[in-house]
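Below: the structure, in structure tokens.
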Amino acid sequence: MSETASKALGAPATSPDAGRWKALVFIALAQLMVVLDATIVNIALPSAQQDLGISDGNRQWVVTAYALAFGGLLLFGGRIADLWGRKKAFVVGLGGFAVASALGGAAINEAMMFGARALQGAFGALLAPAALSLLAVMFTDAKERAKAFGIYGAIAGGGGAVGLILGGFLTEYLDWRWTFFVNIPFAIVAAAGAYFVIREPEGGRNRSPLDIPGVVLSTLGLVALVYGFTRAESEGWSDSVTVGMFVASAVLLATFVIVESKVKAPLLPLRVITERNRGGVYLSLGLAIIAMFGLFLFLTYYLQIVKGYSPVKTGFAFLPMIVGMITGSTQIGTRLMTRVAPRLLMGPGFLVAALGMLLLTRLEIGSSYAALLLPAMLLLGLGMGTAFMPAMSLSTQGVEPRDAGVASAMVNTSQQVGGAIGTALLNTIAASATTSYIADHIAGAGSRSQQQLVRLEGMVEGYTSAIWFAVGILVVAAAIALTFVNAGRPGSAPVTGSGSGSGEGVADEVPIPVVAH
């Protein structure tokens with residue numbers, strides 16, 4: 001058997017790295033820090049806005065600056081990881097993220113805050129794909145890979161909810177600035193551990209010249225797309241700038257695809273996304289994230305405004321979802337991944353999550369937490385955890401070693417774009433339903449207390465209307481996973497028909513995770 005075929009089949013060229021499980025601790029810690037940051041700042045935003053004198057019109061930039069830099073630079077970050085080496089990109093990303101977090105915590109005005117958030121996003125875009133691709137190249141045994149990705153998947157899915165708890169504690173008992181400063185010890189420990197423990201396999205770098213046109217087109221296209229959805233949330237879908245952003249994004253990304261098909265060393269080799277299993281993962285994962293991000297937003301508002309929960313109590317209310325995700329990812333997904341095909345975990349996982357979401361369409365002002373929210377969140381967590389775990393593993397399956405970073409970046413890109421779409425799309429649906437409900441019922445409310453009741457009922461009506469859409473989105477995600485993903489279980493017989501034009505040869509035919517070098 002040739003060396004290339006041996007690699008594609010997943011046969012290790014050398015014995016596995018003895019420190020890979022220690023390395024997993026530091027990779028998981030870094031991933032937790034990045035995922036936490038997506039939600040932890042939301043809890044602190046009202047306090048930070050007041051302290052720094054940020055206007056209501058500008059406060060969205062605390063979130064948007066991070067999202068634009070992170071989403072726009074992910075593909076570039078993945079390519080840099082392939083060029084520099086994943087360990088170096090990982091450590092540099094952690095160091096930069098820590099410095100940016102320190103600047104955010106020390107911010108004295110809105111300009112400093114926005115700049116720090118953009119810097120966090122830029123270094124996060126280097127860090128996130130490097131972390132996932134390190135896992136892909138260090139864990140090559142099917143059973144070990146299942147455990148490693150189970151842990152990673154649980155963190156990727158549940159970290160956002162942990163951020164709500166931690167953000168609530170830090171804001172309520174310390175100060176909003178600690179939601180930034182808390183990243184510094186995370187980053188220092190993870191960077192030091194990575195530097196001394198991680199031993200990246202040799203021979204997997206992609207030393208081709210950087211595709212500058214691809215970098216420019218993909219960055220501008222993704223920034224325009226994320227900003228379009230972010231602006232739609234505040235200014236509406238018919239706003240001229242919103243429409244302009246979507247048109248610009250479509251033109252830029254279409255041009256990007258044409259350029260990538262022509263250049264000798266593309267930023268995103270089309271073989272990475274045209275292989276049907278990876279394409280199915282990117283698409284279904286992005287859709288699932290749309291549903292999840294909208295839900296985090298609605299439940300946070302429902303618990304704090306309608307039910308009157310404190311930030312800390314709200315965070316703890318999400319615990320069943322975290323428990324469900326960890327159980328689904330590390331127990332169900334990990335145990336079954338080497339026994340059944342990935343689609344038989346992803347499809348049913350998304351459907352179980354859809355069932356949990358369906359329960360939440362019954363939300364009312366007086367809904368019982370124990371009778372309705374708790375079982376709904378458990379089902380959501382179990383379903384998402386079970387689906388995320390094989391999806392994360394499959395996203396880098398069969399890729400050539402030199403493409404591991406950019407393939408990992410595509411997972412993060414689908415999640416980031418999905419999050420932006422979910423927040424804007426579902427929020428718009430909810431706001432429209434709320435406005436309509438209040439307009440129809442406010443006239444019959446005589447007293448101030450009755451008017452307040454109608455407003456709360458209108459909010460809940462808005463949430464449930466949007467949640468119905470989230471149910472449908474999860475069902476579509478399940479259908480895509482069951483239809484597109486046709487890889488067998490790791491170690492099974494070859495699966496053919498992995499998609500034309502991928503140009504990956506043997507790696508397309510064999511459903512074995514990414515190779516050792």
Side-chain angles (χ1 to χ4, degrees), residues 39 42-43 157-158 160-169 171-172 288 291-328 332 349-386 422 426-427 429-431 433-434 436-438 440-442 444-445 447-475:
T39 52
N42 289 345
I43 297 281
V162 174
L164 295 172
I165 298 174
L166 190 56
F169 260 110
T171 304
E172 204 164 312
M292 281 295 287
F293 264 63
L295 181 76
F296 276 147
L297 189 71
F298 298 143
L299 281 187
T300 301
Y301 279 122
Y302 174 79
L303 292 169
Q304 290 196 24
I305 297 174
V306 179
K307 304 294 275 187
Y309 285 20
S310 68
V312 172
K313 191 175 178 182
T314 300
F316 275 107
F318 279 95
L319 268 179
M321 190 184 293
I322 300 171
V323 171
M325 281 186 172
I326 292 171
T327 304
I332 301 171
F350 289 137
L351 288 175
V352 169
L355 182 61
M357 200 75 82
L358 188 63
L359 286 179
L360 290 173
T361 60
R362 297 170 57 201
L363 267 186
E364 296 173 353
I365 288 181
S367 292
S368 161
Y369 176 84
L372 181 65
L373 273 79
L374 191 149
M377 286 202 273
L378 271 175
L379 285 171
L380 270 162
L382 278 171
M384 286 296 195
T386 301
L426 297 181
N427 217 23
I429 293 166
T434 296
S436 177
Y437 183 92
I438 292 173
D440 290 345
H441 294 80
I442 198 73
S447 66
R448 181 173 291 181
S449 61
Q450 286 176 322
Q451 290 176 355
Q452 179 62 20
L453 183 63
V454 167
R455 289 192 182 92
L456 289 176
E457 286 173 346
M459 288 177 69
V460 176
E461 175 70 19
Y463 302 154
T464 54
S465 298
I467 288 169
W468 272 112
F469 276 85
V471 172
I473 290 168
L474 282 172
V475 171

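The nearest pair of heavy atoms linking M357 to L380 is CE-CD2, 3.9 Å. Heavy atoms only, all atoms of each residue included: A354 and V475 are closest at CB-CG2, 4.2 Å. Of all the heavy atoms in G458 and I438, the pair that sits closest is CA-CG1, 4.2 Å. The two residues G462 and A433 come nearest to each other via the heavy atoms CA-CB, 3.8 Å. Heavy-atom minimum distance, I305 versus M459: CG2-CE, 3.7 Å.
Taking the side-chain hydrogen bond (donor to acceptor under 3.5 Å, both in side chains) definition, one finds that E461 meets it with nothing, sequence neighbours left out. The side-chain hydrogen bond (donor to acceptor under 3.5 Å, both in side chains) check on Y437 picks up E457, with sequence neighbours excluded. With sequence neighbours left out, the side chain to side chain contact (heavy atoms under 4.5 Å, CB included) criterion links A430 to F298, A466. Among residues two or more places apart in sequence or in another chain, the side-chain hydrogen bond (donor to acceptor under 3.5 Å, both in side chains) test is passed with S449 by S447. For F316, the ring pair (Phe, Tyr, Trp, His ring centres under 6.0 Å) partners at least two apart in sequence or on another chain are F169. For Y302, there are no ring pair (Phe, Tyr, Trp, His ring centres under 6.0 Å) partners two or more places apart in sequence or in a different chain.
Annotation: side chain of L378 is in contact with side chain of L374 (closest heavy-atom distance under 4.5 Å). Contact check for M384 versus L474: side-chain heavy atoms found under the 4.5 Å cut-off. Using a 4.5 Å heavy-atom threshold, the side chains of L359 and L379 count as touching. The shortest side-chain heavy-atom distance between L360 and Y463 does not fall under the 4.5 Å cut-off.
To the nearest 0.5 Å, the span separating CE on M321 from CG on L373 amounts to 9.0 Å.
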I'd like a table of donor-acceptor pairs (distance under 3.5 Å, sequence neighbours excluded) in which one partner is a side-chain atom from residues 361-369, with atom names and distances.
residue : atom : partner : partner atom : Å
T361    : OG1  : L358    : O            : 2.5
S367    : OG   : E364    : N            : 2.7
S367    : OG   : E364    : O            : 3.1
S368    : OG   : A370    : N            : 3.3
S368    : OG   : A371    : N            : 3.1
Y369    : OH   : A317    : O            : 2.6

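Within 6.0 Å of CZ in F469 there are 12 or fewer heavy atoms belonging to other residues, nucleotides or ligands.
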